[in-house]
Asker: 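First the structure, then my questions, so here it is.
Predicted, not measured: the structure shown is a model, and the values here were computed from it.
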Amino acid sequence: MKIKQRVPRKMQSAVMSAFSLISLSIMLILGSVMYLRFSAASRDAVIQSTRKLMEQTGESLEDYLVSMRQISDAVYYNVIKENDFSDKENRIRQGMNLLYEANRSSLKSIAIYNNYGSLTAAEPVALQKEDPDITRQDWYVKAMEEMENMHFSTPHIQNLFDDAARRYYWVISLSRAVELTDHGISQPGVLLVDMDYSGISRMMKKINADNNGQYYYLCDSNGKIIYHKRQIQISNGTFDENSVQAAGYKDGVYDETFNGEHRKVLVSTISYTGWKLVGIIPHAAFTHGMFDIRYFIVMFILLMAMMLAVVNRIISVRIASPILKLNDSVREYEAGEKPEIYIGGSLEIRHLGCSIQRSYEQIDSLMHKIVLEQNERRKSELDALQSQINPHFLYNALDSIIWMVEGGRNDDAVFMISELAKLFRISLSKGRTVISIREELQHARSYMNIQKVRYKNSFSVEFDVDPSLENCCIVKLVLQPVLENAINYGVSGMDDCGEIKVTGRKEGGTIILSVSDNGVGMSEEQTEFLLTDSSRVPKHGSGVGLVNVNNRIQILFGKEYGLQAESEPDEGTTVSICIPAVPYTEENRTVLEKGHVFSREELSCFSDRCRQDLK
């Protein structure tokens with residue numbers, strides 16, 4: 001039963017392991033693909049979000065700068081070009097004041113300088129510092145060199161005018177070349193509009209509020225920092241930024257490795273200025289938002305694994321169950337039972353079951369034919385062996401009777417004829433091969449009585465057989481050849497001192513009938529040939545002897561039974577007949593004669609029954 005349980009488990013385990021391995025591989029591949037897709041989608045989402053935020057911020061910066069440009073245009077075209085500085089100074093100041101007041105939240109000052117660097121007009125009205133050296137200021141130089149363009153400076157502290165409150169402001173200067181009219185004469189000059197840097201700073205701080213590692217900075221076309229969240233550290237030299245290279249990028253997304261850090265760089269150009277709004281996305285920012293995705297994928301894989309485990313179990317059972325049922329029915333058949341071979345499951349398994357069923361039916365048919373043929377052959381062999389013994393009996397008996405009649409020993413002849421009749425009555429036994437031990441012992445006694453008369457009582461015979469054995473089965477005429485062998489080869493040459501003893505005992509499920517003599521004995525080699533060499537011609541007797549008996553017993557009861565011989569020179573010989581203890585009944589006799597060999601379990605049952613009968 002353990003084998004049957006182990007085979008199904010092995011079959012189902014193999015099928016389930018195969019499905020689980022395939023399922024696990026699919027889930028891992030699916031999980032990896034999902035993670036890569038989600039990761040790519042998340043990276044794209046971060047980039048798109050950053051790009052959108054930069055576009056919005058760029059638009060806000062452009063609006064701010066456009067408003068500054070519009071102020072510059074309004075001052076130039078509505079105030080400077082429309083008035084002469086020689087006689088309409090009050091109108092120029094009034095126009096500049098109106099524009100300043102309208103935009104003072106984002107303006108710090110408006111100033112007009114002539115080609116000598118002298119202050120012509122300013123709003124709000126303030127005193128210029130002594131010798132600020134205007135002509136060397138960067139904004140003045142650029143405006144005079146490139147008169148057709150507007151120029152935006154980097155953030156700096158306004159240092160042109162005295163402030164009574166001694167407050168200094170960070171500004172971004174918008175400068176441009178203008179034409180000043182003084183007494184009808186045109187001369188070049190520079191218009192300076194100082195924008196409040198705090199407006200740009202607020203915009204940049206707003207988009208740098210995220211704490212996932214991303215940041216944004218603003219630089220000019222030469223890579224000079226306009227705004228950076230770590231601007232103080234950059235100026236102190238404790239932090240470095242790759243702004244020069246970023247200033248050379250066109251608008252787009254770039255992969256960059258800076259200071260050993262892999263990152264994405266997004267660049268957007270601010271119109272009119274050449275400024276670059278740069279967004280930095282470190283690699284860690286992409287993985288920062290992937291924790292939830294990894295958690296989702298792990299939970300998804302676990303859920304799928306549990307579902308697939310149940311599905312795999314069901315599938316493995318459905319696949320393996322018909323095979324296991326077929327295997328169980330085949331094993332039962334091999335164990336000696338006669339079950340119906342399981343036919344079910346898929347078409348292939350049903351076809352296999354039908355093929356096995358037909359094979360077993362053919363095997364049964366052939367086995368039945370073989371058994372019948374074997375039984376017939378065994379019966380023929382027994383009859384042939386038996387026919388060799390009967391003439392031998394008759395020859396010896398008639399020889400003795402003739403000898404007695406010729407000697408005038410009529411009473412002995414009558415006794416011999418009477419014993420001979422008993423011999424042949426048992427020998428014939430209505431054609432039976434199996435008789436009881438009681439009948440076999442009677443046959444042996446009759447034979448020995450005849451032989452004692454023939455040998456003039458030159459030896460003695462003793463029978464010591466357990467009476468309980470007499471009702472057991474035995475092959476007929478097995479004792480007589482053994483007794484004949486004991487006479488011819490054991491005690492025939494001894495004068496009145498030969499002894500032959502027949503004993504019978506039971507050991508377990510085996511009956512042992514022994515014939516012992518105190519004759520001359522044999523060597524070990526002769527003893528070995530006694531039961532194996534049927535080609536040797538004996539000195540006396542019929543010529544069939546013990547080999548005949550041994551073959552007859554083994555044909556009927558099996559190879560584990562038969563004769564055993566023990567002999568010592570000058571000590572004597574003992575030949576034992578070993579047969580199973582089978583109670584003599586008409587049923588058992590018929591079964592034995594049909595060629596059935598009893599199993600150990602059946603013999604054990606016979607032994608238990610015999611013990612109960614003795615009690």
Asker: With I500, which of E462, M448, K452 fulfils side-chain contact (heavy atoms from CB on, under 4.5 Å)?
Answerer: M448
Asker: Mind checking the CD-SG spacing from Q564 to C578? Nearest 0.5 Å is all I need.
Answerer: 4.0 Å
Asker: Indicate yes or no: at least one non-hydrogen side-chain atom of D464 is less than 4.5 angstrom from one of V502.
Answerer: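 No. Closest side-chain heavy atoms not under 4.5 Å.
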Asker: Step through the shown structure and confirm whether more than 12 heavy atoms of other residues, nucleotides or ligands are within 6.0 Å of CG on D44.
Answerer: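 Yes.
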Asker: Measuring from E568:CD to S523:OG, what's the distance to the nearest 0.5 Å?
Answerer: 10.0 Å
Asker: Checking N551 side chain against V547 main chain: does a donor-acceptor pair fall under 3.5 Å?
Answerer: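 Present.
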Asker: Mark yes or no for whether T257, through its side chain, and G260, through its backbone, hold a donor-acceptor pair below 3.5 Å.
Answerer: no
Asker: Would you say L303 and M299 make side-chain contact, with heavy atoms under 4.5 Å?
Answerer: no
Asker: How far does CD of Q442 sit from OH of Y447, to the nearest 0.5 angstrom?
Answerer: 15.5 Å
Asker: Over all heavy atoms of both residues, which pair between T574 and S516 is shortest? Give the atoms and the distance, please.
Answerer: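 Here T574 and S516 meet closest at OG1-OG, 3.1 Å.
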Asker: Check I553 against I577 and note the closest heavy-atom contact, atom names and distance.
Answerer: CD1-CG2, 3.5 Å
Asker: For the pair R552 (side chain) and L477 (backbone), establish whether a donor and an acceptor sit closer than 3.5 Å, ignoring hydrogens and angles.
Answerer: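 Side chain of R552 to backbone of L477: a pair is present.
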Asker: Can a donor-acceptor pair be found, under 3.5 Å and without considering hydrogens, that links the side chain of E440 to the backbone of L479?
Answerer: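 Answer holds: yes.
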Asker: Would you check if I437 and I511 make a side-chain contact, meaning some heavy-atom pair closer than 4.5 Å?
Answerer: yes
Asker: State which residues pass side-chain contact (heavy atoms from CB on, under 4.5 Å) with A413; sequence neighbours excluded, sorted by chain then number.
Answerer: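 Expected list: M404, V405.
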Asker: To the nearest 0.5 Å, what is the distance between CE on M522 and OG on S567?
Answerer: 4.0 Å
Asker: Would you check if L469 and R438 make a side-chain contact, meaning some heavy-atom pair closer than 4.5 Å?
Answerer: no
Asker: Does L513 reach the side chain of T503, with side-chain heavy atoms less than 4.5 Å apart?
Answerer: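 L513 vs T503: side chains apart.
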Asker: Contact between E261 and P282 at the side-chain level, heavy atoms closer than 4.5 Å - yes or no?
Answerer: yes
Asker: Does a side-chain heavy-atom distance below 4.5 Å link V434 with K476?
Answerer: no
Asker: How far apart are the closest heavy atoms of L563 and L546, and which atoms are they?
Answerer: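 So the minimum-distance heavy-atom pair works out to CD1-O, 3.5 Å.
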Asker: Is there a donor-acceptor pair under 3.5 Å between the side chain of Q362 and the backbone N or O of S359?
Answerer: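 Side chain of Q362 to backbone of S359: no pair is present.
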Asker: Given the rule in the side-chain hydrogen bond (donor to acceptor under 3.5 Å, both in side chains) test, do T50 and Q214 qualify, once you have shown the distances and angles that lead to the verdict?
Answerer: CA-CA 9 Å; T50 303; Q214 292 180 243; 2.8 Å; yes
Asker: Shortest non-hydrogen contact from S576 to I512?
Answerer: CB-CG2, 3.9 Å
Asker: More than 12 heavy atoms of other residues, nucleotides or ligands under 6.0 Å from CD of E587: yes or no?
Answerer: no
Asker: Y254: which residues meet the ring pair (Phe, Tyr, Trp, His ring centres under 6.0 Å) condition with it, sequence neighbours left out?
Answerer: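 Testing Y254 for ring pair (Phe, Tyr, Trp, His ring centres under 6.0 Å), a comparison that skips the adjacent residues, returns Y249.
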Asker: If every non-hydrogen atom of N588 is compared with every non-hydrogen atom of C473, which pair is closest and at what distance?
Answerer: CB-SG, 4.4 Å
Asker: About how many Å separate CD1 of I487 and CZ of F459, when rounded to the nearest 0.5 Å?
Answerer: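 Taking CZ in F459 and CD1 in I487, the distance rounds to 4.0 Å.
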Asker: Between G490 and D517, what is the shortest heavy-atom contact and its length?
Answerer: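 Heavy atoms only, the tightest pair is CA-OD1, 4.0 Å.
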Asker: Can you tell me how far the CD atom of E470 sits from the OH atom of Y584, to the nearest 0.5 Å?
Answerer: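 The CD atom of E470 sits 13.5 Å away from the OH atom of Y584.
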Asker: So does K264 get a backbone contact from the side chain of D255, meaning a donor-acceptor N/O pair under 3.5 Å?
Answerer: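 The answer is no, because no donor-acceptor pair under 3.5 Å joins these two groups.
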Asker: Got more than 12 heavy atoms from elsewhere within 6.0 Å of CD, E256?
Answerer: yes
Asker: Can a donor-acceptor pair be found, under 3.5 Å and without considering hydrogens, that links the side chain of N449 to the backbone of R445?
Answerer: yes
Asker: Given 3.5 Å as the limit, does a donor-acceptor pair link the side chain of Q554 with the main chain of Y561, or not?
Answerer: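 Checking the backbone N and O of Y561 against the side chain of Q554, a donor-acceptor pair under 3.5 Å is found.
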Asker: Is there a donor-acceptor contact under 3.5 Å from the side chain of T590 to the main chain of E586?
Answerer: yes
Asker: May I ask you to decide whether D466 forms a salt bridge with K506, counting only side-chain N to carboxylate O separations under 4.0 Å?
Answerer: no
Asker: Give a yes-or-no answer on whether the side chains of E566 and T527 include a donor-acceptor pair shorter than 3.5 Å.
Answerer: no
Asker: I'd like to check F557 versus P580 (side-chain heavy atoms, cut-off strictly below 4.5 Å). Are they in contact?
Answerer: yes
Asker: Under 3.5 Å, side chain of N518 to main-chain N/O of E499, donor-acceptor pair present?
Answerer: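 Yes, the answer is positive, given that a donor and an acceptor are paired below the 3.5 Å cut-off.
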